[in-house]
Number of protein chains: 2
Amino acid sequence: MTTAPDHNKITSRRPVSIQDIATVAGVSHSTVSRALHNSELISPEVRQRIQQLAQAMGYTPNAVAQSLKGQRTDTVGLVITSIADPFAGRAVRGIEEVAQANHVSLLLSVSHNDPEREMEIIETFHRRRVDGVISATAQLRGAYLQRLTQMKMPTVFINQQADSEADRLHSVDADDYDGARQAVSHLLALGHRKIGYLGVGNRAQSNRRRFAGYCDTLSAAGIAVDAQWVRIAPTMNNLRADDVLDGQAMLPALLPSGVTAVFCYNDQIAVGALMACRELGIAVPEQLSVVGYDDVDLARYVTPPLTTIHQPKLRLGEIAMQMLLDILEGKPVQSLILPVELVVRQSAAPPRTGAM
Amino acid sequence: MTTAPDHNKITSRRPVSIQDIATVAGVSHSTVSRALHNSELISPEVRQRIQQLAQAMGYTPNAVAQSLKGQRTDTVGLVITSIADPFAGRAVRGIEEVAQANHVSLLLSVSHNDPEREMEIIETFHRRRVDGVISATAQLRGAYLQRLTQMKMPTVFINQQADSEADRLHSVDADDYDGARQAVSHLLALGHRKIGYLGVGNRAQSNRRRFAGYCDTLSAAGIAVDAQWVRIAPTMNNLRADDVLDGQAMLPALLPSGVTAVFCYNDQIAVGALMACRELGIAVPEQLSVVGYDDVDLARYVTPPLTTIHQPKLRLGEIAMQMLLDILEGKPVQSLILPVELVVRQSAAPPRTGAM
DNA sequence: CACTATACTGCACACGTGTGCACGGGCTTG
DNA sequence: CAAGCCCGTGCACACGTGTGCAGTATAGTG
């Protein structure tokens with residue numbers, strides 16, 4: 001047999017397959033497959049010869065075919081609200097690190113808080129037969145949730161705290177309610193009595209929990225919440241909404257009520273509030289205290305640095321991914337809620353007219 | 001034949017296939033396949049019956065099998081430096097939108113500016129037989145680049161401006177050199193003569209271009225660049241580097257040289273510089289002017305708002321993705337360089353001791 | 001009525017990989 | 001020397017889908 005001088009004469013567009021290697025080596029594709037997997041069934045000489053040949057021919061296994069045969073894709077679908085959302089970004093980073101360490105690829109899609117689109121994305125994941133799904137946006141309700149369980153795809157939610165459904169759905173959350181409580185307690189301790197809330201309309205679940213924590217904490221302190229203290233960003237075209245702009249737009253409407261402090265749904269809203277204050281010539285924290293939520297990088301860089309609630313965003317992502325891997329291995333897993341903590345910086349101070 | 005009362009008696013874990021439908025309908029899987037594709041070959045009655053049956057049985061086509069058969073995955077691999085990088089985030093958003101509109105899924109991976117890891121990621125993409133690759137991080141050189149072309153995967157680079165290789169590699173870039181020129185020209189026009197540069201070590205290509213623009217512009221103005229005016233963040237553990245921290249750490253070393261203005265590689269570096277100034281009690285822009293690069297959201301929110309070079313980040317992403325789609329359709333495409341523009345805010349002003 | 005055209009469906013193979021089973025040959029052993 | 005055993009390899013099928021081609025039944029036409 002002449003040593004074939006050029007294996008890919010035709011330079012076909014297709015990458016080389018094990019069949020191609022088999023033909024050149026004069027064996028069956030089964031032998032090649034086993035040889036490349038270092039199977040003991042194949043004689044050491046043949047094994048090495050084939051491995052070298054594969055190397056020389058530039059063989060790369062076809063993961064698509066392997067997925068079809070093996071009934072697993074080593075792929076996880078990931079839905080987030082928006083790339084621009086720094087909370088999501090941080091969580092994705094945690095997810096990505098664990099995924100990469102376990103040789104799992106990530107399919108990323110963005111829902112822009114649109115339940116319909118989120119469901120389309122999940123259908124796509126299902127078609128692609130991902131091994132599992134992580135959702136950091138979950139707006140799904142009723143029929144959609146039912147459809148999701150029907151697909152029997154292992155799913156982990158981040159910051160969802162599924163209201164009632166407990167069966168097949170797992171989640172990892174940060175304690176929204178307690179975070180709000182800590183934030184408001186801090187303001188109360190500083191001496192504030194009239195405390196406002198700036199929320200969002202398109203993240204119903206988490207907004208509701210933080211708002212509940214806000215209300216309950218005030219009530220517990222013997223303060224009746226005034227409707228004038230509360231503003232929620234309109235849901236309208238919730239696509240592509242910019243939280244900073246919303247915060248900036250909402251703050252002025254709050255001032256006539258005489259609030260001396262504002263608790264915001266997240267740091268972007270808080271930054272928007274800061275921007276509005278600068279425009280209006282309101283000094284923070286001297287004339288108005290502002291507390292954010294999330295502890296995004298940005299919170300450290302604005303003036304004044306933001307007092308906020310720190311969420312373990314990276315950790316949330318890591319745990320979510322690890323939890324999904326555990327589910328895939330059949331290990332028992334348990335949904336959990338992580339604690340959050342107050343980070344005191346310089347955007348909150350005692351009210352000007354000391355209430356003491 | 002008794003009308004099967006329950007199609008999935010066994011409730012097998014596998015999703016239903018066209019074969020399952022065929023069995024129930026009493027036809028061959030070929031007929032089902034054609035019926036679901038609305039083929040004219042199948043009689044309208046059968047077609048409708050099968051489609052209803054598929055619906056009822058909760059059929060979802062297996063994209064893995066379709067990919068294997070059809071030799072295309074409708075998937076694009078995406079490599080970026082870091083999710084935390086706001087530039088990348090914005091570009092990814094543009095990419096994602098175009099991808100979603102064209103029913104293409106995104107496989108996302110993070111390289112942390114490590115060429116070796118970037119190559120591993122690309123190998124993974126190749127194994128998964130993605131239709132194409134977009135890289136917004138490209139640190140690839142020599143052997144790696146050669147291997148990449150060997151794989152014959154259509155590839156588009158963002159902000160790479162491949163130095164020499166022109167063949168199979170496409171790219172879409174923003175004009176780094178001109179951006180630096182605009183930034184420095186602005187400072188010169190304000191009256192500055194001693195202008196510093198804060199750069200990065202782990203993004204060699206773009207840093208070199210911006211630095212070149214900086215040097216040439218100063219030279220053209222008859223100013224000799226002093227080595228003391230320049231600091232480059234160490235490459236060392238380039239993984240997980242934080243630009244803001246680097247900027248914050250580098251600025252003090254620049255001051256003894258007497259510079260009255262600083263041009264920074266990007267906005268994060270500039271923000272770091274701002275933080276350092278705040279610590280040292282240096283007023284910006286009164287005592288020191290700072291100019292950033294990228295025009296990240298953050299640039300608007302810091303104090304003072306950052307004068308910076310605006311890159312069309314979203315547009316870069318959109319174009320890159322569209323370019324890749326064009327390549328896949330066999331259309332002729334051409335690499336291009338987008339213009340950038342100066343955004344004047346409040347971080348740069350004439351030097352204290354008017355040079356006029 | 002016979003022949004042909006037409007409409008519809010099934011067979012068989014392909015995509016690339018993995019694996020249970022059978023088979024051939026060489027060696028050992030009684 | 002014959003029988004049994006083990007090592008190495010190939011056959012054939014599976015995963016789920018798509019499609020060229022052949023085949024069958026019906027309708028249409030002379």
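Note on naming: letters A, B, ... go to the chains in the order of the sequence lines (proteins, then strands), and numbering restarts at 1 for each one.
Contact annotation: Q19(A) side-chain N/O to dA14(C) OP1/OP2 distance is not under 4.0 Å. Under 4.0 angstrom from either OP1 or OP2 of dG16(C) there lies no side-chain N or O belonging to Y59(A). At least one side-chain nitrogen or oxygen of T31(B) sits closer than 4.0 Å to the OP1 or OP2 atom of dG10(C). At least one side-chain nitrogen or oxygen of H37(A) sits closer than 4.0 Å to the OP1 or OP2 atom of dG18(C). OP1 or OP2 of dT9(D) sits under 4.0 Å from a side-chain N or O of S43(A). Remark: S17(A) is not in phosphate contact with dG16(C), judged by side-chain N or O atoms under 4.0 Å from OP1 or OP2. Between Q71(B) and dG16(C), a side-chain N or O to OP1/OP2 separation shorter than 4.0 Å is present.
Atom CG of L41(B) is separated from atom C1' of dA25(D) by 16 Å (rounded to the nearest Å). For M57(A) and dG16(C), the CE to C1' distance is 14 Å, given to the nearest whole Å. Taking atom CZ on R47(A) and atom C1' on dG8(D), their separation rounds to 11 Å, with Å as the unit. The interatomic distance linking N38(A) (CG) with dG18(C) (C1') rounds to 16 Å, in whole Å. Distance CD (E40(B)) to C1' (dT6(C)): 15 Å, rounded to an integer number of Å. Taking atom CZ of R72(A) as the reference point, atom C1' of dA14(D) lies 19 Å away to the nearest angstrom. Rounded to whole angstrom, the span from the CG atom of L68(B) across to the P atom of dT17(D) amounts to 12 Å. Taking atom CD1 of residue I42(B) and atom P of nucleotide dT19(D), one finds them 13 Å apart after rounding to whole Å.
Applying side chain to side chain contact (heavy atoms under 4.5 Å, CB included) to L106(B) and the options V130(B), V76(B), I134(B), T75(B) leaves one that passes, V76(B).
With hydrogens and angles disregarded, a donor-acceptor distance shorter than 3.5 Å links the side chain of S335(B) to the backbone of S171(B). Listed for the Q51(B) side chain is a donor-acceptor partner under 3.5 Å among the backbone atoms of A35(B). Under a 3.5 Å cut-off, the side chain of D131(B) and the backbone N or O of T73(B) do form a donor-acceptor pair.
Within 4.0 Å of V46(A), counting heavy atoms only, lie sugar-phosphate atoms of the nucleic acid but no base atom.
Judged by distance alone with a 3.5 Å cut-off, no donor-acceptor contact links the side chain of R34(A) to the base of dG8(D). Between the side chain of H29(A) and the base of dG10(D), no donor-acceptor pair under 3.5 Å is found. A donor and an acceptor atom never sit less than 3.5 Å apart when one is taken from the side chain of S33(B) and the other from the base of dT19(D).
Nearest-nucleotide positions on DNA chain C for V27(B) and K69(B) put V27(B) closer to the 5' end.
For the 3.5 Å distance criterion, the side chains of Q146(A) and Q150(A) fail to qualify, holding no donor opposite an acceptor.
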